[in-house]
Chemist: 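What follows is a structure written as structure tokens; I'll ask about it next.
Heavy atoms only: backbone and side chains are in, while hydrogens, waters and symmetry mates are out. Here the structure is a predicted model, which is why all the values come from computation and not from measurement. Letters A, B, ... are given to chains in the order of the sequence lines, protein chains preceding strands, and every chain is numbered from 1.
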Amino acid sequence: MNTLLTRSKNLGQYGIFGAFLVICLGLAVVNPQFMTVSNWTIIITQVSINALLAFGVTFVIITGGIDLSLGSIVAVTGVVAASLAHPDTYPVVVPIGVGFLSGVAMGALNGLVITKSKVPPFIVTLGMMTIGRGLALILSKGRPISNLSDSFNFIGGGSVVGIPFPILILVVFFVICTLLLKKTVLGRYIYAVGGNEQAAMASGIRVNKVKMAVYTLCGGLAGLAGILLTARITTGQPNAGAGFELDAIAAAIIGGTSTSGGTGTMMGTLIGALLIGVISNGLDLLNVTSYYQQVVMGAIIIGAVVLDSWNQKK
Amino acid sequence: MTRRPDQLLQVRNLSKSFVGVKALDQVQLDLKKGEVHAVMGENGAGKSTFMKILMGLLSPDSGEIWLEGDILKNADVNETLKRGISMIHQEMLVVPELTVAQNIFLGREKTNWLPFWLNDAYTNAQAEAILQQMGVNIAPTTLLKHLSVAEMQMVEIAKAISNNAKVIIMDEPTSAISDKEVATLFKIIKDLKQQGVGILYISHKMDEIFQISDTITVLRDGQYIGTKPASDLDQPTLISMMVGREITHLFPEIVPAKGEVVLSVKQLTRQGVFSDITFEVRKGEVLGLAGLMGAGRTEVARAIFGLDRYDSGEIQLNGKTVRVHSPAEAIALGIGYVSEDRKGLGFIPAMTIQDNITLSSLPQHAKAGWVITDSEATVATHMMQNLRIKATGAAQKVSHLSGGNQQKVVIAKVLQAAPDVVILDEPTRGIDIGAKFEIYKLIHDLTAQGIAVVMISSELPEILGLSHRILVLSKGKQTALLSNTEATQDKIMKFAMQ
């Protein structure tokens with residue numbers, strides 16, 4: 001933990017990390033149930049879906065874009081995967097693969113329209129949000145798809161050596177996304193495009209390719225989140241995922257990703273997602289109703305950005 | 001201190017420190033009515049800190065400011081504006097979606113008998129009167145976004161006049177306007193002098209300083225170096241006051257270039273922008289592109305680099321005809337471009353020096369898409385030494401560097417992509433003398449390595465001092481191709497105005 005603290009160069013991230021620790025300590029003192037392995041297993045399992053979406057949208061926000069269609073992509077991929085996951089039909093890789101690819105396709109479509117039409121991402125992905133919801137309802141005929149195979153449901157409910165499968169997926173994709181952003185040519189280009197798109201273009205970076213890549217990545221991660229959610233609730237729900245995009249964006253922003261582009265880290269986003277999970281878990285433990293939880297969550301989003309802008313000024 | 005009402009502005013022993021670093025140390029200044037007083041110094045000399053204190057944007061640690069015999073104490077911007085100090089900022093602080101009149105009276109809106117109801121007729125008439133008095137032909141109802149930079153500047157000056165400004169601070173007012181517009185500006189400055197307005201003038205352009213200013217005050221590293229009448233100074237003396245050492249040979253010797261042709265442009269045309277541009281550049285040669293602002297020089301460069309399209313004509317690189325559609329293609333072909341718009345097209349401010357330097361050549365420092373940081377670091381350190389980039393290290397963010405060092409980072413990035421030909425567009429704009437000198441040497445070094453250089457510059461001494469040949473453009477057409485021996489400032493200007 002200490003090395004994490006000293007390593008984080010970003011002051012905003014440092015600040016939010018500090019806030020995260022303080023809140024955890026506070027909850028641990030108030031409620032001894034909080035700091036138990038079983039409670040943390042619950043928290044991280046619940047956080048995993050939002051975290052996957054938040055990783056994806058972090059790429060997009062760093063380029064200076066936004067993706068509002070994530071929740072709908074979750075629904076579409078969930079429905080697609082569920083319809084292929086009935087027992088004794090296809091091997092489990094089919095629903096996973098096709099579900100994932102449908103997310104990739106929707107993300108790529110976002111990217112294609114954004115780069116070809118120059119319409120702002122906010123509007124394109126807003127449209128895709130509605131299209132996606134419609135598609136999910138069409139594909140499922142408006143009804144939940146249940147009766148899924150055990151091997152498919154394992155993704156959401158199973159454990160490997162005692163660790164829930166969603167947590168494993170979270171860890172794996174956190175590592176992949178971090179490396180992609182920090183260690184690859186694409187990652188560097190993502191920062192460059194968000195930092196100064198014109199200069200990036202004049203430096204020989206094919207900006208449209210980078211944008212295509214981030215929206216496709218974001219769609220793919222949303223596809224995974226959709227599969228994970230479907231497996232956890234053992235049903236393909238056409239209405240699932242509504243509002244998920246906002247939680248994902250909130251996690252990225254709380255974690256220090258600037259909506260004007262050019263800055264942000266996966267570590268920050270992970271902490272942002274964990275913070276959201278810890279607070280709703282903590283407030284549950286303290287028997288605070290979900291109405292109040294929403295007020296607290298909103299205040300935290302604003303507070304995190306205010307904290308960040310103060311730190312920037314220093 | 002004695003009261004001197006005849007003195008418009010008196011500054012005594014003004015000091016200001018930022019976290020232990022002295023930005024200003026015991027600075028003095030006297031500004032008389034009707035005087036143009038140039039404040040000179042390299043970047044980082046403390047000019048902008050000084051002006052910010054005068055405007056009330058910063059408060060000094062010690063020292064006094066007297067305006068017409070009254071001391072200005074703890075005055076904020078509103079106070080200084082009310083007392084008659086106005087500033088024309090280098091980056092225009094105008095609202096593009098508002099009209100000229102609305103901009104002029106911004107913050108001082110005139111209302112009708114209803115105290116919240118704007119009196120547009122009054123403001124328009126007032127604005128028109130001021131603009132007419134200035135001899136400027138701009139309608140008060142025009143939206144600011146439809147004006148040129150020079151016109152926006154006129155609006156800013158009109159704003160200062162409407163504010164009854166006694167002191168007007170002008171920060172690099174000519175950095176983005178054409179020579180003709182400079183003439184208009186200077187005429188207005190002379191009118192303001194006549195009316196007893198005192199002007200504090202900041203500029204990096206030497207010839208301009210001697211043309212317009214009565215008195216010159218020099219700052220260096222926050223220290224007050226001295227004040228002298230402009231007529232008592234010449235350029236070398238002024239430079240040595242600013243730099244603190246003598247720069248004897250500003251321009252390195254021009255070595256004849258006999259290599260083969262690298263870049264050849266034939267009848268390049270972009271409808272309505274430039275037409276029939278034809279030139280070639282050899283290995284180790286510097287081709288100067290001279291002309292007035294708006295002559296089409298930058299546009300030609302942008303077309304060659306793939307930033308803009310061209311309609312007809314041909315570009316040959318090392319004897320092969322090429323068609324460039326994007327900067328990515330241009331860079332791959334061996335063309336480098338250092339833009340005049342350093343902030344807009346040059347660098348990524350939030351990224352480190354190292355990341356900026358390798359941005360155009362990142363695949364060279366990567367295996368299977370995986371960046372090899374060590375290889376980057378080696379190159380960045382090497383470039384930082386070679387180009388004398390002053391920074392705390394390769395991990396410093398470029399946004400924290402001075403203009404000169406930012407420019408060097410951009411040049412380093414372009415060179416790192418191993419170009420055969422480099423187009424430098426106003427490479428020394430907004431850069432102090434010391435850094436300019438280093439960039440001149442760098443251009444010389446590039447030619448020694450066999451790189452062909454096309455240099456666009458609005459500073460004629462620079463064009464004359466560095467170019468083997470000079471191509472003059474006027475209104476999108478080339479009007480002359482002069483050799484170094486036959487070119488003079490007068491000749492170039494003659495062809496540029498043709």
Chemist: Donor-acceptor pairs between chain B and chain A under 3.5 Å, which ones?
Modeler:
from: B:K343; atom 1: O; to: A:N196; atom 2: ND2; distance (Å): 2.9
from: B:G344; atom 1: O; to: A:N196; atom 2: ND2; distance (Å): 3.2
from: B:G344; atom 1: O; to: A:A199; atom 2: N; distance (Å): 3.4
from: B:F347; atom 1: O; to: A:N196; atom 2: ND2; distance (Å): 3.1
from: B:D355; atom 1: OD1; to: A:R188; atom 2: NH1; distance (Å): 3.3
from: B:S360; atom 1: OG; to: A:S203; atom 2: O; distance (Å): 2.7
from: B:G369; atom 1: O; to: A:V185; atom 2: N; distance (Å): 2.9
from: B:V371; atom 1: N; to: A:K183; atom 2: O; distance (Å): 2.7
from: B:E376; atom 1: OE1; to: A:R188; atom 2: NH2; distance (Å): 3.1
from: B:E376; atom 1: OE2; to: A:R188; atom 2: NH1; distance (Å): 2.5
from: B:E376; atom 1: OE2; to: A:R188; atom 2: NH2; distance (Å): 3.4
from: B:K413; atom 1: NZ; to: A:S203; atom 2: OG; distance (Å): 2.8

Chemist: Listed by chain and number, what are the salt bridge (Lys or Arg N to Asp or Glu O under 4.0 Å) partners of B:K390, not counting sequence neighbours?
Modeler: none

Chemist: For the side chain of B:D61 and the backbone of B:S17, is there at least one donor-acceptor N/O pair under 3.5 Å apart?
Modeler: yes

Chemist: Is the backbone of B:L263 close enough, under 3.5 Å, to the side chain of B:Q316 for a donor and an acceptor to pair up by distance?
Modeler: no

Chemist: B:V421 and side chain to side chain contact (heavy atoms under 4.5 Å, CB included): which partner among B:I304, B:I335, B:L333?
Modeler: B:I335

Chemist: Can you give me the closest heavy-atom contact between A:M266 and A:F55, atom names plus distance?
Modeler: CE-O, 3.4 Å

Chemist: Looking at chain A, which one of B:A366, B:A350, B:G344, B:G346 has the largest number of heavy-atom pairs inside 4.5 Å, strictly under?
Modeler: B:G344

Chemist: At a 4.5 Å cut-off on heavy atoms, which part of B:L359 comes close to chain A: side chain, backbone, both, or neither?
Modeler: both

Chemist: Do B:S457 and B:R297 have a side chain donor and acceptor closer than 3.5 Å?
Modeler: no

Chemist: If you tally heavy-atom pairs under 4.5 Å against chain B, which of A:G194, A:A199, A:A200, A:G195 wins?
Modeler: A:A199

Chemist: Walk me through it: do B:V324 and B:L317 pass the test side-chain contact (heavy atoms from CB on, under 4.5 Å)?
Modeler: CA-CA 11 Å; B:V324 186; B:L317 212 63; over 6 Å; no

